[in-house]
Amino acid sequence: MEVTYQSTRGGQSGVTASQAILQGLAKDGGLFMPDRIPGLDISWEKLSSMTYQETAYEVMKLFLTDYTEEELKGCINKAYDAKFDTEEIAPLTKAGGAYYLELFHGNTIAFKDMALSILPHLMTTAARKNQADKEIVILTATSGDTGKAAMAGFADVPGTRIIVFYPKGGVSRIQELQMRTQKGENTAVVAIHGNFDDAQTGVKQIFGDQAFQEEMAGKGFQFSSANSINVGRLVPQVVYYVYAYARLLAHGEIGDGEEINVVVPTGNFGNILAAYFAKMMGTPIHKLICASNDNKVLYDFFTTGIYDRNREFILTSSPSMDILISSNLERLIYLSAGCSPEKNWELMEELKETGRYAVTPQMKEKMGDFWGGFADQEENGAEIKRVFADTGYLMDTHTGVASAVYQKYVRETGDRLKAVIASTASPYKFAPSVMEAITGKKSEQEPFVLIDEMSALSKVPVPKAVDEIRSAPIRHSRECDVEGMKAEVKEILSFAN
Ligand SMILES: *Cc1c(COP(=O)(O)O)cnc(C)c1O
């Protein structure tokens with residue numbers, strides 16, 4: 001049965017998966033949602049003997065129904081190959097009473113690779129299927145990891161260009177170097193004078209600017225998004241939750257049907273929403289534990305039912321979660337309002353105008369599968385140190401937030417179901433903060449010195465992605481004000497032609 005997509009704000013419906021991927025954001029500013037969440041149509045016994053690629057096909061075919069088997073398998077095999085440093089693609093590591101689902105074994109050592117390795121293939125296939133004749137320009141706002149992972153995926157892909165905006169001073173040194181050394185003639189990187197929310201809002205404004213879109217269409221360009229608002233990001237992220245459950249079964253860690261909890265370090269709400277989709281498809285997940293850092297807007301939301309972004313934006317040691325406007329939450333709002341675009345529209349308008357909205361008690365009840373928690377920087381550091389000291393397992397500062405929140409969850413609820421913690425980045429990507437956590441000292445050393453010290457201490461070899469940027473030349477030095485983002489896009493595209 002075909003699954004089609006509609007805007008959470010009601011302006012578009014009956015859109016095929018490939019069109020939704022090509023378009024990115026709906027024309028009315030809403031996000032595309034499938035008209036229903038399909039159920040897994042294969043037994044756990046079968047799933048537990050499948051590879052990552054086979055599992056990906058079983059999950060993705062249910063959502064991307066207008067892709068042929070050959071197209072989808074082609075995309076999957078090109079994405080999940082030797083770019084990943086382990087055949088398992090997303091291995092589970094047991095440490096300190098939880099299972100860490102390591103989503104950082106791809107090109108750029110953060111979980112964004114899981115979806116961004118496949119998105120360029122899904123998108124170029126979609127362009128072919130829909131006879132799109134324009135060059136696709138990917139516009140991306142990044143809190144540090146998406147930008148690099150998207151560029152790694154789209155670099156030198158024919159028929160595409162990519163422009164990445166990141167907050168100057170709002171990403172780690174390694175993240176910044178990774179982006180500024182990016183190769184590929186079709187890549188551009190711009191540091192904006194603002195924070196991540198400014199970057200994301202600026203990109204959304206460009207998407208919503210029909211006159212600008214038409215002007216650019218006249219020059220042969222069509223915009224799309226590699227942010228987690230694109231369903232082509234969301235669907236591939238569902239795969240690893242199904243895979244994790246099947247792996248636990250295969251390893252005899254759980255029995256068939258046994259419920260587990262899932263803990264996700266959250267920023268834009270994309271990763272945890274994918275876990276919710278996995279649950280709705282039939283994966284036995286009890287609670288979805290939403291872990292925030294000091295920017296705890298989601299913790300407040302799940303505890304009070306009030307979303308309020310009117311607060312100070314805090315720069316933390318987990319920069320990829322420094323977000324006050326979690327875009328994908330709109331999809332949960334839409335679902336919990338009984339798929340009502342009117343109710344969702346009303347709340348999104350309130351958010352735009354006042355920075356705040358409250359959900360109804362019924363809606364809050366429908367979100368009962370979620371549990372919100374947060375860990376501040378001190379708790380995060382202490383957790384990284386504790387797990388390393390107890391087990392020798394070293395985690396990054398985002399996974400540290402999730403792990404610390406999980407400890408709080410168990411203390412507060414007594415719920416001891418087995419738990420999978422999404423481990424979203426390699427500790428090498430945030431080496432100075434991780435070293436500070438385990439040594440208790442802030443070091444003034446260069447990141448690469450700390451990286452070598454970390455490798456000696458943890459006995460984990462330095463990943464290729466980090467070694468590569470040690471001496472790579474800087475290729476990108478653009479900067480602009482938030483107001484200048486559109487002009488910057490225009491200038492980059494005029495150079496390109
Ligand atoms: C993007 C990111 C997150 C947040 O994921 P969302 O899908 O935006 O909630 C967490 N950790 C790392 C390392 C990330 O790159």
Side-chain angles (χ1 to χ4, degrees), residues 110-112 141-146 166-176 194-201 228 263-273 288-329 351 355-356 370-387 395-412 421-425 427 429-438 440-442:
F111 100 92
K112 304 299 195 293
T142 184
S143 56
D145 291 329
T146 295
Y166 74 92
K168 187 178 161 81
V171 301
S172 84
R173 269 287 301 283
I174 300 292
Q175 286 177 314
E176 183 167 39
N195 61 35
F196 171 72
D197 287 330
D198 298 324
Q200 178 159 255
T201 305
S228 56
V263 192
V264 185
T266 297
N268 227 352
F269 209 73
N271 200 3
I272 195 164
L273 188 75
L288 299 137
I289 299 165
C290 175
S292 299
N293 65 20
D294 298 83
N295 296 292
K296 58 186 182 52
V297 72
L298 288 167
Y299 161 77
D300 292 340
F301 174 67
F302 284 117
T303 30
T304 63
I306 295 170
Y307 193 90
D308 189 354
R309 59 154 302 207
N310 301 307
R311 62 182 77 201
E312 191 194 343
F313 187 104
I314 302 168
L315 292 176
T316 72
S317 56
S318 44
S320 303
M321 298 161 67
D322 290 346
I323 295 176
L324 293 179
I325 308 174
S326 296
S327 286
N328 276 288
L329 189 66
L351 179 65
R356 178 181 189 282
F370 290 85
W371 191 89
F374 77 98
D376 64 23
Q377 303 215 64
E378 219 170 291
E379 292 168 321
N380 180 7
E383 176 68 3
I384 293 171
K385 184 176 178 163
R386 179 189 75 84
V387 174
M395 66 183 87
D396 96 290
T397 45
H398 302 74
T399 312
V401 169
S403 197
V405 166
Y406 176 58
Q407 295 304 321
K408 287 191 187 180
Y409 173 79
V410 173
R411 273 199 305 276
E412 281 180 35
I421 298 176
S423 178
T424 51
K429 206 156 186 175
F430 303 95
S433 303
V434 172
M435 284 301 282
E436 185 182 336
I438 55 178
K441 295 192 297 280
K442 195 174 179 74

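For the numbers below, each heavy atom of this structure counts, side chains included, while hydrogens, waters and symmetry mates do not. Computed from a predicted structure; not experimentally measured.
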Exercise. Walk me through it: do Arg386 and Gln407 pass the test side-chain contact (heavy atoms from CB on, under 4.5 Å)?
Key: CA-CA 11 Å; Arg386 179 189 75 84; Gln407 295 304 321; 3.1 Å; yes

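- Here the closest heavy-atom approach between residue Ala404 and residue Glu383 is recorded as N-CG, 3.5 Å.
- In this structure, the side chain of Lys429 does not engage the main chain of Ile174 through any donor-acceptor pair within 3.5 Å.
- Thr399 places a side-chain N or O within 3.5 Å of a backbone atom of Thr424 that can act as its donor or acceptor partner.
- At least one donor-acceptor pair closer than 3.5 Å links the side chain of Gln200 to the backbone N or O of Ile325.
- In this structure a side-chain-to-backbone donor-acceptor pair under 3.5 Å is missing from Asn271 to Val264.
- Using a 4.5 Å heavy-atom threshold, the side chains of Phe301 and Leu329 count as touching.
- Atom CZ of Phe374 is separated from atom NZ of Lys408 by 4.5 Å, given to the nearest 0.5 angstrom.
- The line from OG of Ser143 to CG of Asn268 is 7.5 Å long, rounded to the nearest 0.5 Å.
- Atom CE of Met321 sits about 6.0 Å away from atom OG of Ser292, to the nearest 0.5 Å.
- Side-chain atoms of His398 do not come within 3.5 Å of backbone N or O of Ala425 as any donor-acceptor pair.
- Between Pro319 and Phe196 there is no side-chain heavy-atom pair separated by less than 4.5 Å.
- One distance of note links CZ of Phe302 with CG of Leu288; it measures 8.5 Å at 0.5 Å rounding.
- Checked against salt bridge (charged side-chain N to carboxylate O under 4.0 Å, His left out), Lys112 has no partners two or more places apart in sequence or in another chain.
- Side-chain atoms of Gln175 and Thr142 form no donor-acceptor pair, as typed in the model, at a separation below 3.5 Å.
- Within 6.0 Å of CZ on Phe370 lie more than 12 heavy atoms contributed by other residues, nucleotides or ligands.
- We find that Glu176 and Arg173 are not joined by a salt bridge, their nearest charged nitrogen and carboxylate oxygen being 4.0 Å or further apart.
- Residues Ile421 and Ala402 approach most closely at CG2-CB, 3.8 Å, considering heavy atoms.
- Considering every non-hydrogen atom in both Gly267 and Leu298, the closest pair reads O-CD1, 4.1 Å.
- Here salt bridge (charged side-chain N to carboxylate O under 4.0 Å, His left out) pairs that include residues 294-310, with residues two or more places apart or in two chains, are Lys296-Asp300, Asp300-Arg311, Asp308-Arg356.
- Between Asn328 and Gly270, the shortest heavy-atom contact is ND2-CA, 3.5 Å.
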Exercise. Please test Asn380 against Ile384 for side-chain contact (heavy atoms from CB on, under 4.5 Å), starting from the C-alpha separation and ending with a verdict.
Key: CA-CA 6 Å; Asn380 180 7; Ile384 293 171; 3.5 Å; yes

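- Remark: Ile314 CD1 to Leu324 CG distance equals 8.0 Å, nearest 0.5 Å.
- A donor-acceptor pair is defined here as one N or O able to donate and one able to accept, closer than 3.5 Å; such a pair exists between the side chain of Thr201 and the backbone of Asp197.
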Exercise. Please lay out, stage by stage, how Leu315 and Asp322 fare under the test side-chain contact (heavy atoms from CB on, under 4.5 Å).
Key: CA-CA 6 Å; Leu315 292 176; Asp322 290 346; 4.2 Å; yes

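- Put simply, the side chain of Ile323 does not reach to within 4.5 Å of the side chain of Phe269, judged on heavy atoms.
- If you take OG on Ser317 and CG on Asn293, they are separated by 7.5 Å, rounding to the nearest 0.5 Å.
- Nearest heavy atoms, Ser326 versus Tyr307: N-OH, 3.0 Å.
- The nearest pair of heavy atoms linking Gly194 to Pro167 is O-CB, 3.2 Å.
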